[in-house]
Amino acid sequence: MRIIFLGPPGAGKGTQAKLICKKYNLPQISPGDILRQAKKENTPLGRQAQSYMDQGLLVPDDVILGIVSERIRRPDCEAGYVLDGFPRTIAQANALEDMLQELNLGIDFVLLLELSEAELVKRLSGRRVCETCGEEFHIKYKPPHTPGICDRCGENLIQRSDANVEAVKKRFIEYREKTSPLVYYYEKRNKLRHISGDGNIQEIFTRVQQALKAG
Ligand code: AP5
């Protein structure tokens with residue numbers, strides 16, 4: 001099964017992608033996570049991506065396509081995968097279609113998580129991540145047992161560098177201008193399923209599974 005999670009920043013793409021991957025034993029491919037790891041390791045890729053990410057701008061298509069094209073050709077992707085945060089531009093979607101055609105494959109579902117901007121802002125501003133193991137929390141919706149401390153490894157929780165007001169504004173603008181045209185793109189291909197992102201994580205996971213079962 002090959003699934004794309006589409007939706008604005010903070011809609012819950014990463015959270016739901018993780019749950020689906022666990023349930024169906026699929027790899028999760030998140031360019032955002034790959035780039036954050038590269039930043040942490042201070043690799044050339046991380047240094048190249050840093051200023052775009054910190055400002056809330058999309059990283060150039062050629063960089064992202066290099067990452068995804070290499071990743072989906074690995075053996076663990078043979079039975080499928082979940083793309084979380086890719087594609088994000090029409091050029092990326094076209095390139096993905098070409099890559100899949102080459103492999104004689106197609107996308108099965110594009111799941112669009114929809115949520116009001118006010119709720120998105122609450123989710124983004126309350127998110128905390130472990131600077132060591134990357135585990136994610138939310139101060140209100142998924143609080144750690146001890147405030148500021150990771151439940152998994154005991155290290156400090158921090159805010160992401162793109163969580164400040166200016167970067168969040170930019171991320172919304174980038175989404176509206178460059179990513180939202182993908183809604184029509186996948187609607188035309190009859191792949192898109194609209195899913196309300198409102199409610200708790202388990203409620204949304206139930207909707208996601210229903211959408212996959214409905215075909
Ligand atoms: P990326 O990491 O993909 O960021 P994003 O799309 O802005 O997504 P988020 O991780 O902020 O939100 P999400 O929808 O995954 O929500 P989440 O589940 O985390 O990308 C970061 C940057 O990398 C981009 O700005 C860009 O620079 C670059 N990049 C990445 N991909 C790219 C591409 N294809 N092209 C170009 N550049 C690219 O949830 C958010 C919070 O809400 C969490 O705290 C979570 O615990 C909480 N939460 C989740 N669900 C619920 C719920 N149901 N109820 C309450 N709280 C919830």
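In listed order, ligands and their atoms are each counted from 1.
The shell of residues lying under 4.0 angstrom from ligand 1, judged by heavy atoms, includes Gly199. In this structure, Glu203 does not count as a contact residue of ligand 1, since none of its heavy atoms falls inside 4.0 Å of the ligand. The closest approach between a heavy atom of Gly10 and any atom of ligand 1 is below 4.0 Å. Distances shorter than 4.0 angstrom do not occur between any heavy atom of Gly7 and any atom of ligand 1.
The shortest N or O to N or O distance between Ile204 and ligand 1 is not under 3.5 Å. In terms of polar-atom proximity, defined here as any N/O pair under 3.5 Å, Phe137 does make such a contact with ligand 1. In terms of polar-atom proximity, Leu57 is counted as a contact of ligand 1, with an N or O under 3.5 Å from an N or O of the ligand. Where the criterion is an N or O separation shorter than 3.5 Å, residue side chain and backbone included, Gly14 meets it with respect to ligand 1. Taking any N or O of Tyr141, backbone or side chain, none lies under 3.5 Å from an N or O belonging to ligand 1. Taking any N or O of Gly197, backbone or side chain, none lies under 3.5 Å from an N or O belonging to ligand 1. Looking at ligand 1, you'll find an N or O of Arg160 within less than 3.5 Å of one of its N or O atoms. Close N/O approach between Val59 and ligand 1 is found [any backbone or side-chain N/O within under 3.5 Å]. Between Asp33 and ligand 1, no pair of N/O atoms sits closer than 3.5 Å. For ligand 1, the polar-atom distance check finds no N/O of Gln16 at less than 3.5 Å from any of the ligand's N/O atoms.
A distance-only check finds a donor-acceptor pair linking the side chain of Thr206 to the backbone of Gln202 [under 3.5 Å]. Side chain of His138 to main chain of Pro144: no donor-acceptor pair is present (N/O by atom type, distance under 3.5 Å, no hydrogens or angles). A donor-acceptor distance shorter than 3.5 angstrom exists from the side chain of Arg171 to the backbone of Asp162, with no hydrogens or angles considered. The backbone N or O of Phe109 sits nowhere less than 3.5 Å from a side-chain atom of Arg2 that would complete a donor-acceptor pair. Of the possible donor and acceptor atoms, none in the side chain of Lys169 sits under 3.5 Å from a partner among the backbone N and O of Gly56. Looking only at distances, a side-chain donor or acceptor of Asp151 sits under 3.5 Å from a matching main-chain atom of His145.
Residue-level proximity to ligand 1 for Leu113 is absent, since no heavy atom of it falls below 4.0 angstrom. Contacts between Leu58 and ligand 1 below 4.0 angstrom, taking non-hydrogen atoms only, involve backbone and side chain alike. When non-hydrogen atoms are compared, ligand 1 lies under 4.0 Å from the side chain of Glu136 (C-beta onward) but not from its backbone. Residue-level proximity to ligand 1 for Arg36 is carried by the side chain, the only part with a heavy atom below 4.0 angstrom.
Nearest protein heavy-atom contact of atom 40 (C) of ligand 1 is Arg127 NH1, 3.7 Å. The protein heavy-atom contact nearest to atom 7 (O) of ligand 1 is Arg171 NH2, 2.7 Å. When only non-hydrogen protein atoms are considered, atom 8 (O) of ligand 1 lies nearest to Lys13 NZ, 3.5 Å. If you check which protein heavy atom lies closest to atom 23 (O) of ligand 1, you get Met53 CE, 3.4 Å. For atom 39 (O) of ligand 1, the nearest non-hydrogen atom of the protein is Thr15 OG1, 3.7 Å. The closest protein non-hydrogen atom to atom 46 (O) of ligand 1 is His138 CB, 4.0 Å. Among all protein heavy atoms, the one lying closest to atom 38 (C) of ligand 1 is Ile64 CD1, 3.7 Å. From the protein, the heavy atom lying nearest to atom 16 (O) of ligand 1 is Gly12 N, 3.1 Å.
Residue Pro31 has at least one heavy-atom neighbour below 4.0 Å for each of these atoms of ligand 1: 31 (N). Close approach to Ile201 involves these atoms of ligand 1, each under 4.0 Å from a residue heavy atom: 50 (N), 51 (C), 52 (C), 53 (N). Close contacts between ligand 1 and Pro9 involve ligand atoms 7 (O) [criterion: under 4.0 Å to a heavy atom]. Counting the atoms of ligand 1 from 1 in the order shown, those under 4.0 Å from a heavy atom of Leu124 are 11 (O). Close contacts of ligand 1 with Ala11, meaning ligand atoms under 4.0 Å from a residue heavy atom, involve 14 (O), 16 (O). The contact set between ligand 1 and Gln92, taken as ligand atoms under 4.0 Å from a residue heavy atom, comprises 33 (C), 34 (N), 35 (N), 36 (C).
With atom 31 (N) of ligand 1 as the reference point, the heavy atom nearest to it among Lys178, Lys18, Arg88 is part of Arg88. Which of Arg123, Gln50, Arg128 comes nearest to atom 41 (C) of ligand 1 through a heavy atom is settled by distance: it is Arg123.
Summarising the local packing, OH of Tyr141 is surrounded by more than 12 heavy atoms from other residues, nucleotides or ligands at distances under 6.0 Å.
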side-chain hydrogen bond (donor to acceptor under 3.5 Å, both in side chains) assessment of Gln101 paired with Glu97: CA-CA 6 Å; Gln101 237 159 38; Glu97 234 172 40; 5.5 Å; no
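Contact check on Lys170 versus Glu177 returns no salt bridge, with no Lys/Arg side-chain nitrogen under 4.0 Å from an Asp/Glu carboxylate oxygen. Ion pairing of Arg128 with Glu136 is absent here, as no side-chain N (NZ or NE/NH1/NH2) approaches a carboxylate O to less than 4.0 Å.
Separating the CG atom in Leu111 from the CD1 atom in Ile204 is a distance of 12.5 Å, to the nearest 0.5 Å. Considering CE of Met1 and CD1 of Ile107, their distance stands at 11.5 Å, rounded to 0.5 Å. Rounding to the nearest 0.5 Å places CZ of Arg193 at 9.5 Å from CD1 of Ile195. Atom CD of residue Gln159 and atom CG of residue Leu124 lie 10.0 Å apart, to the nearest 0.5 angstrom. Of the inter-residue distances, the one linking Gln55 atom CD with Asn164 atom CG reads 10.5 Å to the nearest 0.5 angstrom.
Residue pairs meeting the side chain to side chain donor-acceptor pair (under 3.5 Å) criterion with at least one member in residues 67-80, sequence neighbours excluded, are Ser69-Arg73, Glu70-Arg74, Arg71-Asp76, Arg73-Glu102.
Linking Ile, Leu, Val, Met, Phe, Trp and Tyr residues whenever their side-chain heavy atoms come within less than 4.5 Å leaves Ile149 and Ile139 in two separate clusters. Neither Tyr186 nor Val208 shares a network with the other; the hydrophobic side chains, linked directly or stepwise wherever heavy atoms of I, L, V, M, F, W or Y lie under 4.5 Å apart, form separate groups for each.
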Would you give me the side-chain donor-acceptor pairs under 3.5 Å for residues 3-27, sequence neighbours excluded?
residue: Lys13; atom: NZ; partner: Gly7; partner atom: O; Å: 3.2
residue: Lys13; atom: NZ; partner: Pro8; partner atom: O; Å: 3.0
residue: Gln16; atom: OE1; partner: Phe205; partner atom: N; Å: 3.3
residue: Gln16; atom: NE2; partner: Ile201; partner atom: O; Å: 3.2
residue: Lys23; atom: NZ; partner: Gln209; partner atom: OE1; Å: 2.6

